[in-house]
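Working notes for the structure below.
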Amino acid sequence: MENKQSAIAQFYAHGKFLISGEYMVLRGAKALAVPVRFGQSLQIASTVGGPLLTWEANYPDKKWFKAKYNTVHFDILETDNPELAQRIQYILIEARNMNPGFLTDSFTTIATSMLNFQPEWGIGSSSSLLANVGNWAKVDPFELNRRVFGGSGYDIAAALSDKPIIYHLENGLPKIESIDFALPFSGKLYFVYLNRKQNSKTAVQNFANTHVPRQSIETISEITLKMYTANYLKEFMELMKWHENILAEVIQQTPVQLGHFPDFGGCIKSMGAWGGDFLLVASEKSREYVMEYFKIRGFETVFGWNEIVL
């Protein structure tokens with residue numbers, strides 16, 4: 001006879017883009033982040049038996065991975081992806097450390113996560129998962145993020161927000177301001193996927209020992225606020241260039257447009273960890289021009305701002 005499952009809860013968190021403040025948000029600069037229409041759900045059910053947790057992760061094309069844990073100590077009993085199983089194990093252990101009553105019953109719990117975007121895009125598969133687990137475990141997702149991944153926590157804030165946010169750290173604590181961010185020229189802004197996922201945790205670790213002048217932090221905050229209130233595309237593009245130049249000097253890297261797309265008719269800005277994931281692109285030229293420019297260079301995943309930003 002088949003065991004009957006009973007649904008307990010369902011959670012959802014958004015993916016995100018960091019428009020300004022990459023790296024510098026770690027030092028207290030104000031950053032502008034937007035939640036996107038893609039995200040991750042987590043459904044929790046239970047059945048008799050246990051103490052066990054079975055986890056199945058899916059994304060649009062197929063099952064991503066499966067694992068089974070003993071919930072006494074979250075030992076991995078079986079899995080088809082040891083690396084990912086260990087990552088989730090670490091999240092579960094830290095959630096238990098924060099809430100000793102988390103998953104302590106004798107039932108079998110079934111957790112099913114579903115990404116509605118490709119995980120290699122780097123727009124929040126980890127942060128949306130962690131935000132969902134934090135809510136499921138009834139713990140502070142920002143503290144859980146600090147323990148598991150480090151970083152500024154802006155991605156957790158965006159995952160849990162239905163609106164764009166201005167985010168910064170004050171004495172190590174997140175300060176979040178929800179904003180209305182309706183750019184009149186949003187039809188001229190695009191996001192281009194670079195066909196590779198950057199390891200943001202590694203980028204954060206590498207940045208930890210970088211000297212950052214106080215003036216640079218303050219200037220990035222100024223640019224963030226100016227981006228939020230920009231009325232004209234040319235003004236926004238100048239802010240993008242200004243941001244790129246400051247960050248290039250701090251992290252000693254060449255701005256992406258100068259290094260890879262010098263002939264593009266518009267402005268290109270890195271986002272998140274430089275060198276991977278998505279670019280922010282602005283151009284007064286037609287959508288057809290932008291799509292064709294990147295397509296012939298092998299970059300075919302391009303979203304218009306209005307297609308993807310909440």
Side-chain angles (χ1 to χ4, degrees), residues 1-15 38-151 153 155-156 159-160 197 199-202 204:
M1 186 174 173
E2 213 174 285
N3 289 336
K4 289 186 177 179
Q5 294 183 16
S6 59
I8 297 175
Q10 183 149 339
F11 308 93
Y12 183 83
H14 300 291
F38 295 111
Q40 182 166 197
S41 62
L42 177 63
Q43 180 177 294
I44 307 301
S46 69
T47 188
V48 295
L52 294 172
L53 167 65
T54 64
W55 193 299
E56 185 176 285
N58 307 278
Y59 62 94
D61 298 330
K62 59 184 178 181
K63 286 185 172 66
W64 189 3
F65 107 111
K66 192 169 185 177
K68 184 178 288 186
Y69 303 85
N70 182 311
T71 54
V72 176
H73 300 294
F74 294 118
D75 299 316
I76 300 169
L77 303 178
E78 58 184 72
T79 184
D80 56 8
N81 187 328
E83 183 181 354
L84 189 51
Q86 288 170 3
R87 196 180 315 163
I88 290 176
Q89 178 191 46
Y90 187 34
I91 294 171
L92 294 169
I93 288 171
E94 288 301 335
R96 168 79 60 78
N97 288 339
M98 294 172 66
N99 175 7
F102 174 54
L103 279 184
T104 54
D105 56 39
S106 59
F107 292 100
T108 290
T109 300
I110 301 99
T112 307
S113 61
M114 169 62 81
L115 276 180
N116 60 12
F117 61 91
Q118 300 298 327
E120 64 268 16
W121 284 357
I123 63 172
S125 55
S126 296
S127 55
S128 57
L129 171 66
L130 195 141
N132 284 333
V133 172
N135 283 333
W136 172 29
K138 296 182 172 58
V139 300
D140 179 359
F142 291 98
E143 174 61 17
L144 184 59
N145 175 72
R146 188 191 67 77
R147 294 184 181 208
V148 174
F149 294 128
D155 47 359
I156 303 298
L160 298 172
K197 188 179 189 303
N199 188 322
S200 55
K201 186 172 184 177
T202 300
V204 166

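- Within the 4.5 Å cutoff, side-chain heavy atoms of L84 are placed close to those of W64.
- Under the 3.5 Å distance criterion, the side-chain polar atoms of N58 are matched with a main-chain donor or acceptor of S113.
- Between L130 and V148 the shortest side-chain heavy-atom distance falls below 4.5 Å.
- Two residues are said to be in side-chain contact when any heavy atoms from C-beta on lie closer than 4.5 Å; F117 and I123 meet this criterion.
- When atom types are taken as modelled, the side chain of N116 and the backbone of G39 share a donor-acceptor pair closer than 3.5 angstrom.
- Judged by distance alone, the side chain of R96 and the main-chain N or O of L103 form a donor-acceptor pair under 3.5 Å.
- T71 places none of its side-chain heavy atoms less than 4.5 Å from the side chain of T109.
- Looking at Q10, its side chain never comes within 3.5 Å of a backbone N or O of S41 through a donor-acceptor pair.
- The distance from the NZ atom of K68 to the CD atom of E56 is 12.0 Å, given to the nearest 0.5 Å.
- Across all non-hydrogen atoms, the minimal contact from D105 to P51 is O-CB, 3.9 Å.
- The side-chain heavy atoms of I44 and L42, taken from C-beta on, include a pair separated by under 4.5 Å.
- Considering every non-hydrogen atom in both G151 and N145, the closest pair reads O-ND2, 4.4 Å.
- Closest approach of I156 to P141, counting heavy atoms only: CG2-CB, 3.8 Å.
- Residue Q40 holds its CD atom at 13.0 Å from CZ of F11, rounded to the nearest 0.5 Å.
- Inter-residue side-chain proximity for L160 and Y12 is flagged as unmet; no heavy-atom pair is nearer than 4.5 Å.
- F102 has its side chain out of reach of K138: every pair of non-hydrogen atoms, C-beta onward, lies at least 4.5 Å apart.
- For N99 (side chain) and A137 (main-chain N/O), a donor-acceptor pair under 3.5 Å exists by modelled atom type.
- With hydrogens and angles disregarded, a donor-acceptor distance shorter than 3.5 Å links the side chain of T108 to the backbone of G49.
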- For K66 and W55, run side-chain contact (heavy atoms from CB on, under 4.5 Å): C-alpha distance rounded to whole Å, both residues' side-chain angles, the deciding distance at 0.1 Å, then the answer. CA-CA 6 Å; K66 192 169 185 177; W55 193 299; over 6 Å; no
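- The CG atom of L53 sits 12.0 Å away from atom CG of D75, with the distance rounded to the nearest 0.5 Å.
- Listed here is the closest heavy atom pair of P119 and S125: O-OG, 3.9 Å.
- Here the OG-CZ distance, from S126 to R87, works out to 5.5 Å after rounding to the nearest 0.5 Å.
- Separating the CZ atom in R147 from the CD1 atom in I91 is a distance of 13.5 Å, to the nearest 0.5 Å.
- In terms of heavy atoms, F74 sits closest to Y69 at O-CD2, 3.7 Å.
- Between I88 and F65, some side-chain heavy-atom pair lies under the 4.5 Å cut-off.
- Using modelled atom types, one side-chain atom of N132 and one backbone atom of S128 make a donor-acceptor pair closer than 3.5 Å.
- Contact between S46 and F107 at its shortest, heavy atoms only, is CB-CB, 4.5 Å.
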